[in-house]
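First the structure, in the form of structure tokens, and then the observations on it.
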Amino acid sequence: MGRLSPTVVIRAVAAQARCSIEQLPSFSFTGWIRPVSCPSIAAPLYSVSAFAERTFCLEFEPRDQFEQRLKKIEQIRALGQDPYPREFRWTDTPAMLVEQFGKATAAELEANKREVRVAGRIISIRLMGKAGFAHLQGAGKRIQIYVKKDAVGEKGFQLFHLLDLGDSIGVRGHLFRTKTNELSIWVEEIFFLAKALLPLPEKWHGLTDVELRYRQRYLDLLANETSRQVFVTRARIIQELRRFFDARGYIEVETPMMHPIPGGAAARPFITHHNTLDIDLYLRIAPELYLKRLTVGGFDRVYEINRNFRNEGISTQHNPEFTMLEFYEAYSNYRDLMDMNEKLFALLTKSITGSTTVKYGGSDLDFSRMERLSMREAIVKYWPREAGEPPTSETLASAGGAREATNRYNAWAKKSAAPYAASKGELTDGEWTGLLFETIAEDKLVQPTILYDFPTDISPLSKQKPEDPSLTERFEIYVAGMEVANGFSELNDPAEQERRFLAQIAQGGEEMPKQLDVDYLRALCHGMPPTAGEGIGIDRLTMLLTDSPSIRDVILFPLLRPESGGEPSGTSEAHGA
RNA sequence: AGGGGCGUAGCUCAGUGGUAGAGCAGCGGCCUUUUAAGCCGAAGGUCGUGGGUUCGAUCCCCACCGCCCCUACCA
């Protein structure tokens, strides 16, 4: 929405004029203009509303209903009701009434008549001559209203006749039970609150088109209670996490989302530009390096819950922007975090779902405990028997051992339908180990599992194990074959960190850093206490706790290709102002 | 990026090489305790877009667009 220059030449479809864009004459207009994207009309259109009169209006499909409902606005006005009033003072919500009086008998309701004022969206209407029923929905809960001509009067009943599914209204009346014993409101007065110019999704099937569910989430939320519930649960999960960390003396912080140097993860960043400074900035791929600067600064326990952006593919488990909880705890190591995670996941699942066992797809996930496997142990455990004798942890630890095992596995995989461990270019021992794990074991980790001791080669920010510098004190939590958390003892030796950064830059590749984050190294030189840190993927966690098969089901507005009716640049007249 | 699937009325879906149907929603009528309200009536579609084959395409073929799923990159 934007303020326009005083005179704007608008090419639009005129609702009343019913003519094509070409037929509509150019005209001058002073006021406000809102560009509106329209799913079903090819050309970009504008909605123009003047203060005094609505002369022109965008039209959406279904056009006939849209026009009919527009006319009803005038009829509602004619009845003396403001079609867009400013407020409604309610005493109860549908949810409150259902909660409080769901069990009250007809006699009890009759004996304790109380006036109620309730607002909601009309989701069903059953008109029967001089009376009718409707359901009002508010915050996902619904209550029936009974509107009788005798009770609401001539004008009130006319207003009731003008209502459409989707309209917002308020009612004043009292509770009673119908013949069929449904708790209902005996309406004495109707207040019109807002017009729905477009119809609700089909009442029986709801909104099933997945694309529309993602694009027009507002309709999905109205029509599908399960979808609404997912996002309520998501909010509760985040609440619980905050509570968990707040209770442990953590403070919540916000670090930059626009980074001059992308870092903290191996991923391709989005690039943007700041005009005044004339510099390119990168949408952050991880908050890690900033949060650790804060531990240097004496914030011994910090967390941040916010978005990361990675310019990678989109799938049922990946959205280009996703939400991470990252937290850092000074004076602890990765073992402490593993213990804490077991507690956290058990507590969280219990408080969110009521049980530590959670149904996800076809499996029951048991969060009451977590199996712990080192990465090498996982490879040995899930090595397919058909591929020959599994390697031992000692073999995998030896120079060239992981590579040899992967080659042996691949020789078998080629002959069978098993996934192939494809490597790009020459790999180090640690990279071979990681590759082999991902190929044969990752998707087998259905029950919550802590996988630990990652190769140093693929863990540039983790502290090495004192007894084996080829491994780091790092773990990841896998559930349902998905990585949901990643934590480690943070590398706080600046010299070693510099060595690893430089090695990454030398290695090159799209996901690798190209610049040295000098300030981060300087911060480490000021001394970072021993610290353990971790990131938890909130979207994936929500998937698990809401039994959602796709990450898009737990993100309100997942990234989709924009619907481009005509040429997207056609809105330039509006945007240019 | 590669492979597979889908796209028909506003919504949910049938269907056919001879230019299409149902339910719901919407419109008109009847109905003062219904609840997927009911009954009567009328209306609603460039069958995703563009080519091709054909006397004729919504159907067959090709391309494109969009979405979904799997694989690859990634968390």
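Residue numbers start from 1 in every chain, and the chains themselves are labelled A, B, ... in the order their sequence lines are given, proteins ahead of strands.
- Residue A:Arg142 is out of contact with every strand shown, counting any heavy-atom pair closer than 4.0 Å.
- Counting non-hydrogen atoms under 4.0 angstrom, A:Phe176 reaches a base of the nucleic acid.
- Between A:Phe488 and A:Phe475, the distance from one ring center to the other does not fall under 6.0 angstrom.
- Base contact: A:Asn319 has a heavy atom under 4.0 Å from a base atom.
- Residues A:Pro320 and A:His161 both approach RNA chain B. Their nearest nucleotides, taken by heavy-atom distance, put A:His161 toward the 5′ side.
- Distance noted for atom P between B:U49 and B:C65: 15 Å (whole Å).
- One atom, CG of A:Asn306, and another, C1' of B:A75, lie 16 Å apart when rounded to the nearest Å.
- Using a 4.0 Å heavy-atom cutoff across all strands shown, A:Leu200 reaches no nucleic acid atom at all.
- Both A:Ala265 and A:Tyr146 sit near RNA chain B, but only A:Tyr146 has its closest nucleotide nearer the 5' end.
- Both distances falling under 3.5 Å, in either a Watson-Crick or a G-U wobble arrangement, place B:A63 opposite B:U49.
- Not a single donor-acceptor contact under 3.5 angstrom links the side-chain atoms of A:Glu182 to the base of B:U33.
- Across the C1' atoms, B:G26 and B:C59 are found 30 Å apart, a figure rounded to whole Å.
- Side chain of A:Lys148, nearest nucleotide from B:U34, B:A25, B:U32: B:U32.
- Comparing the same atom, P, in B:G56 and in B:G51 gives a spacing of 15 Å after rounding to whole Å.
- To the nearest angstrom, P of B:U12 lies 12 Å from CG of A:Asp220.
- Screening A:Asp539, A:Thr546, A:Thr542 against A:Arg234 for a side-chain hydrogen bond (donor to acceptor under 3.5 Å, both in side chains) leaves a single residue, A:Asp539.
- Across all strands shown, A:Ala286 has no heavy atoms under 4.0 Å from either base or sugar-phosphate atoms.
- Atom P of nucleotide B:U32 and atom NZ of A:Lys179 are separated by 12 Å, given to the nearest angstrom.
- Among the protein residues, A:Arg268 comes within range of no part of the nucleic acid, since none of its heavy atoms lies under 4.0 Å from any strand.
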Could you walk me through whether A:Asn306 and A:Arg284 pass the side-chain hydrogen bond (donor to acceptor under 3.5 Å, both in side chains) check? CA-CA 10 Å; A:Asn306 222 318; A:Arg284 77 176 183 196; 4.8 Å; no

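- A ring-centre distance under 6.0 Å is found for A:Phe437 and A:Tyr478.
- Using a 4.0 Å heavy-atom criterion, one finds that A:Asp164 contacts the sugar-phosphate atoms exclusively.
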Would you please test A:Lys463 and A:Thr472 for side-chain contact (heavy atoms from CB on, under 4.5 Å) and show each step? CA-CA 5 Å; A:Lys463 199 177 259 183; A:Thr472 55; over 6 Å; no

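- Here the C1' atom of nucleotide B:C11 and the CZ atom of A:Arg213 are 15 Å apart, to the nearest Å.
- Residue contacts shown for A:Gln144 include a base, since a base heavy atom lies under 4.0 Å away.
- In the set B:U34, B:C70, B:A25, the nucleotide with an atom closest to the side chain of A:Thr178 is B:U34.
- Using a 4.0 Å heavy-atom distance criterion, A:Ser124 is classed as making no nucleic acid contact.
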